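It should be emphasised that the depicted structure is a prediction, and the values quoted were computed from it without experimental measurement. In what follows, residues are counted from 1 in the order of the sequence shown.
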Amino acid sequence: MPLEIKKVGVIGAGQMGNGIAHVCALAGYDVALNDADPDRIRSGLATINGNMAKQVAKGTVSETDRQEALARIVAADKTEDLADCDLVIESATEREEVKRKIFSGLCQVVKPETLLASNTSSISITRLAAATDRPERFIGIHFMNPVPLMELVELVRGIATDDETFEASKTFVTRLHKTYAVAEDFPAFIVNRILLPMINEAIYTLYEGVGSVDSIDRAMKLGANHPMGPLQLADFIGLDTCLAVMQVLHEGLADSKYRPCPLLVKYVEAGWLGRKTQRGFYDYRGEKPVPTR
Ligand SMILES: CC(=O)CC(=O)SCCNC(=O)CCNC(=O)[C@H](O)C(C)(C)COP(=O)(O)OP(=O)(O)OC[C@H]1O[C@@H](n2cnc3c(N)ncnc32)[C@H](O)[C@@H]1OP(=O)(O)O
Ligand SMILES: NC(=O)C1=CN([C@@H]2O[C@H](COP(=O)(O)OP(=O)(O)OC[C@H]3O[C@@H](n4cnc5c(N)ncnc54)[C@H](OP(=O)(O)O)[C@@H]3O)[C@@H](O)[C@H]2O)C=CC1
């Protein structure tokens with residue numbers, strides 16, 4: 001019998017985790033939101049509340065739907081609080097050892113039939129699956145940022161992912177009113193294999209003095225019709241995540257064309273991770289973002 005998903009656990013209440021919880025709750029799923037830091041869960045819930053209020057103000061979500069969706073989300077302070085979930089989506093920091101540890105702990109508490117998924121931007125689904133007791137019930141469900149607004153989800157099967165898990169994931173994504181694209185399990189899948197080298201190249205363009213932050217973003221917005229400039233987008237994604245994806249591409253494909261720009265490394269070493277730390281290629285601490293170079 002195909003598995004029916006009623007309750008979804010989300011691990012990591014950062015910008016992606018809160019977006020995933022948001023769209024799941026609006027689609028009628030019960031949601032348990034977990035993070036290593038309970039304060040993050042509270043701030044994630046506050047962000048969801050605010051983002052749903054924006055949708056109500058725009059008329060894309062009714063106030064009743066917002067109230068009902070908010071009531072479906074509970075804070076899961078401990079991993080044990082995810083025990084009754086039918087699907088758990090991990091969306092913690094983009095570091096393989098962090099994710100492996102989360103999955104091995106999670107397997108101790110969830111039901112044998114629970115599906116496990118990762119929202120990783122780049123890391124091998126097959127390798128993450130191998131850290132669990134159920135590689136056949138493990139899959140990559142890769143949402144795009146900002147989750148409530150972006151239509152695409154990449155579905156990535158590991159070598160062992162079975163058909164039932166794949167079909168249940170397709171049904172799940174469709175119920176979220178999103179469209180999926182299937183990607184093979186190679187470093188950074190499809191979107192980030194193409195997008196992140198473009199962002200890294202924009203950072204090289206800055207590093208080599210070809211243009212300023214302002215010129216590079218303006219050039220790509222007005223010259224290539226991108227909704228955000230590549231440096232603005234890098235800040236939006238998070239520079240730690242951008243660097244982690246480039247490292248996975250560089251190591252996984254062993255090709256120097258993926259080497260992370262030293263300027264990206266420097267920003268991450270400074271803790272200037274973009275919007276989430278208020279500083280990256282732009283400084284967000286004032287009224288308007290100001291370029292930092
Ligand atoms: C790294 C990975 O692994 C994969 C990735 O995700 S890569 C990143 C992929 N994402 C992108 O490339 C995004 C590129 N940017 C865009 O497409 C657009 O700039 C955007 C969709 C983010 C915003 O579009 P925009 O036209 O500039 O509209 P903007 O005015 O900023 O926002 C549209 C509305 O949505 C609202 N909104 C923004 N974020 C929201 C959220 N998380 N939830 C709900 N509403 C939101 C805004 O408040 C705004 O509402 P109002 O019109 O009432 O002000
Ligand atoms: N940013 C983006 O545009 C996209 C990101 N992704 C992927 O989504 C995932 C999350 O990214 P994003 O939301 O941007 O990152 P954030 O930094 O916003 O959030 C990550 C969250 O995970 C928490 N966390 C870290 N370790 C653990 C743990 N052991 N258990 C539970 N929670 C933990 C972090 O807490 P703390 O800060 O306290 O460490 C933080 O709250 C990554 O895999 C990323 O690659 C996918 C698509 C798009």
Could Glu96 and Arg100 be called an ion pair, given the rule that one side-chain N must be under 4.0 Å from one carboxylate O? yes
Looking at Arg42 and Asp77, is any side-chain nitrogen of the basic one under 4.0 Å from a carboxylate oxygen of the acidic one? yes
Carboxylate-amine/guanidinium contact Glu269 Lys266, below 4.0 Å: no
Return the set of residues passing side chain to side chain contact (heavy atoms under 4.5 Å, CB included) with Thr161 (not counting sequence neighbours), or none when no residue passes. Ile139, Arg157, Thr165
Could you check whether Thr126 and Asp185, counting side-chain N and O atoms only, form a donor-acceptor pair closer than 3.5 Å? yes
Between CG of Leu116 and CZ of Arg137, what distance do you get to the nearest 0.5 Å? 9.0 Å
Between Asn200 (side chain) and Cys261 (backbone), is there a donor-acceptor pair under 3.5 Å? yes
Salt-bridge contact Glu80-Lys78 (side-chain N to carboxylate O under 4.0 Å): no
Scan the side chains in residues 231-242 for donor-acceptor partners under 3.5 Å anywhere in the protein, sequence neighbours excluded, and list what turns up.
from, atom 1, to, atom 2, distance (Å)
Gln232, OE1, Gly229, N, 3.1
Asp235, OD1, Phe281, N, 2.9
Asp235, OD2, Phe281, N, 3.1
Asp235, OD2, Tyr282, N, 3.0
Asp235, OD2, Tyr284, OH, 2.6
Asp240, OD1, Lys276, NZ, 3.0
Asp240, OD2, Lys276, NZ, 3.1

Does Glu94 reach the main-chain N or O of Ser122 with its side chain, forming a donor-acceptor pair under 3.5 Å? yes
Do Asn119 and Glu90 have side-chain N/O donor and acceptor atoms under 3.5 Å apart? no
Side-chain donor/acceptor of Thr132 to backbone N/O of Leu128, under 3.5 Å: no
Sequence neighbours excluded, which residues qualify as side chain to side chain contact (heavy atoms under 4.5 Å, CB included) partners of Lys111? Asp86, Glu113, Thr114
Tyr180 side chain to Ser169 side chain, donor-acceptor N/O pair below 3.5 angstrom: no
Indicate whether the side chain of Asn49 and that of Arg66 have a donor and an acceptor atom separated by less than 3.5 Å. yes
Does the distance from a Lys or Arg side-chain N to an Asp or Glu carboxylate O, for Lys178 and Glu151, drop under 4.0 Å? no
